[in-house]
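The next block holds one structure in the form of structure tokens; read it before the comments.
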2 protein chains.
Amino acid sequence: MKRRTTSSKQAVFNILKSSEVALSQDDIEKKVAGEMNRATMYRILNSFCEDGHVHRIFSDDGRTYFAVCLNCKENDHHHNHVHFRCLKCLRMECLKEEIEIKMPQGYTFKDANCLVTGYCNCCS
Amino acid sequence: MKRRTTSSKQAVFNILKSSEVALSQDDIEKKVAGEMNRATMYRILNSFCEDGHVHRIFSDDGRTYFAVCLNCKENDHHHNHVHFRCLKCLRMECLKEEIEIKMPQGYTFKDANCLVTGYCNCCS
DNA sequence: TTTATTATTGCAACAAAGTCGCATTAATAA
DNA sequence: TTATTAATGCGACTTTGTTGCAATAATAAA
Ligand SMILES: [Mn+2]
Ligand SMILES: [Mn+2]
Ligand SMILES: [Zn+2]
Ligand SMILES: [Zn+2]
């Protein structure tokens, strides 16, 4: 027996799944009904990432954002799409745009975290 | 009269300039001769970034790394090159590889922070 | 050279993100 | 129904980075 399904986990997952944008722990805390301990939420988010249901976005605002994996198969995780953070409305979103990076000779690629800041179409 | 040249600034800048890799504040603190207050060093690094002598790399390890700008002209700052962090030897380096990102319709590009993790040629 | 101005520094206190140990609670297997 | 152990809440903690304030020092002005 490994993971157990709990209401906390389901709550967090539903929030992430129904969100159009990536969310920080703080964002989720605001959206979740009732109380939920910060440490617990981080543990939940970490487990989602471990299990490959959710991916992390490391932002230049000092926060980590979380978003559900959409096109990831069990054995094919590719998070090399671009993330965008609007400097005005603060939306953090996963873009369709994928980047392909030519690694230097002898280097091994493990993961990518590509973030672009600017203004979204509403805020431009 | 705006910026003043001080030995602290010069020390930090020389460390960054002579380093092959990008450095975190902590890295610099270890390299700097004698004592230097953390707040002071951050203020120095921030001023370098403001003045466009140095650019920031936001890493997935929770730290910010700093590296001198090499190909930036006064009016043409382009930091859309890829950064690489080796998961074994922990080197953080600026890669030659530049990424070009097609922004969605109506979006305005401001800055990019593209980080790749993996293993460098020594550690692969 | 001397003085005045103000950028820079050190210090301490603070903020925010995230982690961890531990006792308690609750899913699930037996 | 009971036993097992994952999940939770709590509080303490760590790390990165910032800020107010008084003291110091680089530089402009006299
Ligand atoms: Mn994404
Ligand atoms: Mn760089
Ligand atoms: Zn916007
Ligand atoms: Zn390496």
Side-chain angles (χ1 to χ4, degrees), chain A residues 1-16 21-67 83 85 90 92 113 115 117, chain B residues 1-16 21-67 83 85 90 92 113 115 117:
Chain A
M1 158 187 43
K2 268 292 158 59
R3 303 284 191 217
R4 295 178 182 177
T5 34
T6 68
S7 54
S8 301
K9 286 183 185 178
Q10 287 175 311
V12 171
F13 194 75
N14 287 338
I15 287 168
L16 283 172
V21 296
L23 301 171
S24 66
Q25 183 277 328
D26 199 53
D27 292 333
I28 300 171
E29 194 167 300
K30 283 174 201 141
K31 281 177 181 280
V32 83
E35 296 292 299
M36 186 150 157
N37 185 266
R38 202 167 77 257
T40 300
M41 195 177 289
Y42 273 114
R43 279 188 278 234
I44 288 173
L45 290 166
N46 288 342
S47 75
F48 287 168
C49 290
E50 259 179 48
D51 296 351
H53 305 312
V54 165
H55 65 283
R56 262 182 251 268
I57 306 152
F58 300 97
S59 172
D60 56 357
D61 65 355
R63 277 180 272 262
T64 301
Y65 289 77
F66 301 88
H83 296 102
R85 195 168 71 86
L90 306 181
M92 170 72 91
N113 187 74
L115 176 70
T117 53
Chain B
M1 161 187 42
K2 268 292 158 62
R3 304 284 191 218
R4 294 177 183 179
T5 34
T6 68
S7 54
S8 300
K9 286 184 185 178
Q10 286 175 311
V12 171
F13 193 74
N14 287 337
I15 288 169
L16 282 173
V21 297
L23 301 170
S24 66
Q25 183 276 327
D26 198 53
D27 293 332
I28 300 171
E29 194 168 301
K30 282 174 202 142
K31 281 177 182 278
V32 82
E35 296 292 298
M36 187 149 157
N37 186 267
R38 203 167 76 257
T40 300
M41 196 178 290
Y42 273 114
R43 279 188 278 233
I44 289 173
L45 290 166
N46 288 342
S47 75
F48 286 169
C49 290
E50 260 179 48
D51 297 352
H53 305 311
V54 165
H55 65 284
R56 262 180 251 266
I57 305 152
F58 300 97
S59 172
D60 56 356
D61 66 355
R63 276 181 273 264
T64 301
Y65 289 77
F66 299 88
H83 295 102
R85 195 168 71 88
L90 306 181
M92 171 71 91
N113 188 72
L115 176 71
T117 53

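Note: hydrogens, waters and symmetry copies are ignored here, and every other heavy atom, side chains too, is used. Chain letters run A, B, ... following the sequence lines, proteins first, then strands; residues in each count from 1.
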Please state how far atom [atom1] in [X] lies from atom [atom2] in [N], giving the value in whole angstrom units.
| X | N | atom1 | atom2 | result |
| --- | --- | --- | --- | --- |
| A:Leu23 | C:dA17 | CG | C1' | 16 Å |
| A:Leu45 | C:dG18 | CG | C1' | 11 Å |
| A:Glu50 | D:dA7 | CD | P | 10 Å |
| B:Met41 | C:dT9 | CE | P | 10 Å |
| A:Glu29 | C:dA16 | CD | P | 13 Å |
| B:Glu35 | C:dA12 | CD | P | 13 Å |
| A:Ile44 | C:dG18 | CD1 | P | 15 Å |
| B:Lys2 | D:dA28 | NZ | P | 14 Å |

Legend entry - Contacts of B:Glu29 that satisfy side-chain hydrogen bond (donor to acceptor under 3.5 Å, both in side chains) - sequence neighbours left out: B:Gln25
Legend entry - For B:Asp60, all residues meeting side-chain hydrogen bond (donor to acceptor under 3.5 Å, both in side chains), sequence neighbours excluded: B:Arg85
Could you pull out all residues at least two apart from [X] that satisfy side chain to side chain contact (heavy atoms under 4.5 Å, CB included)?
| X | answer |
| --- | --- |
| B:Ala11 | B:Val32 |
| A:Ser47 | A:Arg3 |
| B:Arg63 | B:Ser24, B:Asp61, B:Tyr65 |

Inset, instruction - Step by step, work out the side-chain contact (heavy atoms from CB on, under 4.5 Å) result for B:Val12 and B:Met36. - result: CA-CA 10 Å; B:Val12 171; B:Met36 187 149 157; 3.2 Å; yes
At under 4.0 Å, does any side-chain N or O of [X] touch on OP1 or OP2 of [N]?
| X | N | result |
| --- | --- | --- |
| B:Ser7 | D:dA25 | no |
| B:Ser8 | C:dT9 | yes |
| A:Thr40 | D:dG9 | yes |
| A:Thr6 | D:dA6 | no |

Inset, instruction - Specify whether B:His83 and B:His55 have parallel, tilted or perpendicular ring planes, treating 30° as the upper limit for parallel and 60° as the lower limit for perpendicular. - result: tilted
Legend entry - Axis bend over the full length of the helix from C:dT1-D:dA30 to C:dA30-D:dT1, computed from five pairs that close each end, to 10 degrees: 30°
Inset, instruction - For residues B:Ser8 and B:Ile44, report the shortest heavy-atom separation together with the two atoms involved. - result: CB-CD1, 3.7 Å
Legend entry - Contact summary for A:Ile57 and A:Ala22, nearest pair of heavy atoms: CD1-CB, 3.5 Å
Inset, instruction - Using the ring-ring contact (aromatic ring centres under 6.0 Å, His included) rule, take A:Phe48 and A:Phe66 through it: C-alpha gap first, then chi angles, then the decisive distance, then the call. - result: CA-CA 10 Å; A:Phe48 287 168; A:Phe66 301 88; 9.2 Å; no
Inset, instruction - Can you tell me which residue pairs pass the side-chain hydrogen bond (donor to acceptor under 3.5 Å, both in side chains) test with a partner in residues 30-45 of chain B, sequence neighbours excluded? - result: B:Asp26-B:Lys30
Produce the list of close N/O pairs, under 3.5 Å, pairing protein atoms with atoms of nucleotides 16-19 of chain D; give distances to one decimal.
residue: D:dT16; atom: OP1; partner: B:Arg63; partner atom: NH1; Å: 2.6
residue: D:dG17; atom: OP1; partner: B:Thr64; partner atom: N; Å: 3.0
residue: D:dG17; atom: OP1; partner: B:Thr64; partner atom: OG1; Å: 2.5
residue: D:dG17; atom: OP2; partner: B:Tyr42; partner atom: OH; Å: 2.4
residue: D:dG17; atom: O5'; partner: B:Tyr42; partner atom: OH; Å: 3.3
residue: D:dG17; atom: N7; partner: B:Arg38; partner atom: NH2; Å: 3.3
residue: D:dG17; atom: O6; partner: B:Arg38; partner atom: NH2; Å: 2.8
residue: D:dT18; atom: OP2; partner: B:Asn46; partner atom: ND2; Å: 3.3

Inset, instruction - Please name all residues satisfying ring-ring contact (aromatic ring centres under 6.0 Å, His included) with B:Phe58, sequence neighbours left out, ordered by chain then number. - result: none
Using a cutoff of under 3.5 Å, can you pull out all pairs of nitrogen or oxygen atoms linking the protein to nucleotides 23-25 of chain C, with atom names and distances?
none

Legend entry - Closest to the B:Arg4 side chain, choosing from C:dT9, C:dA7, D:dT8: C:dA7
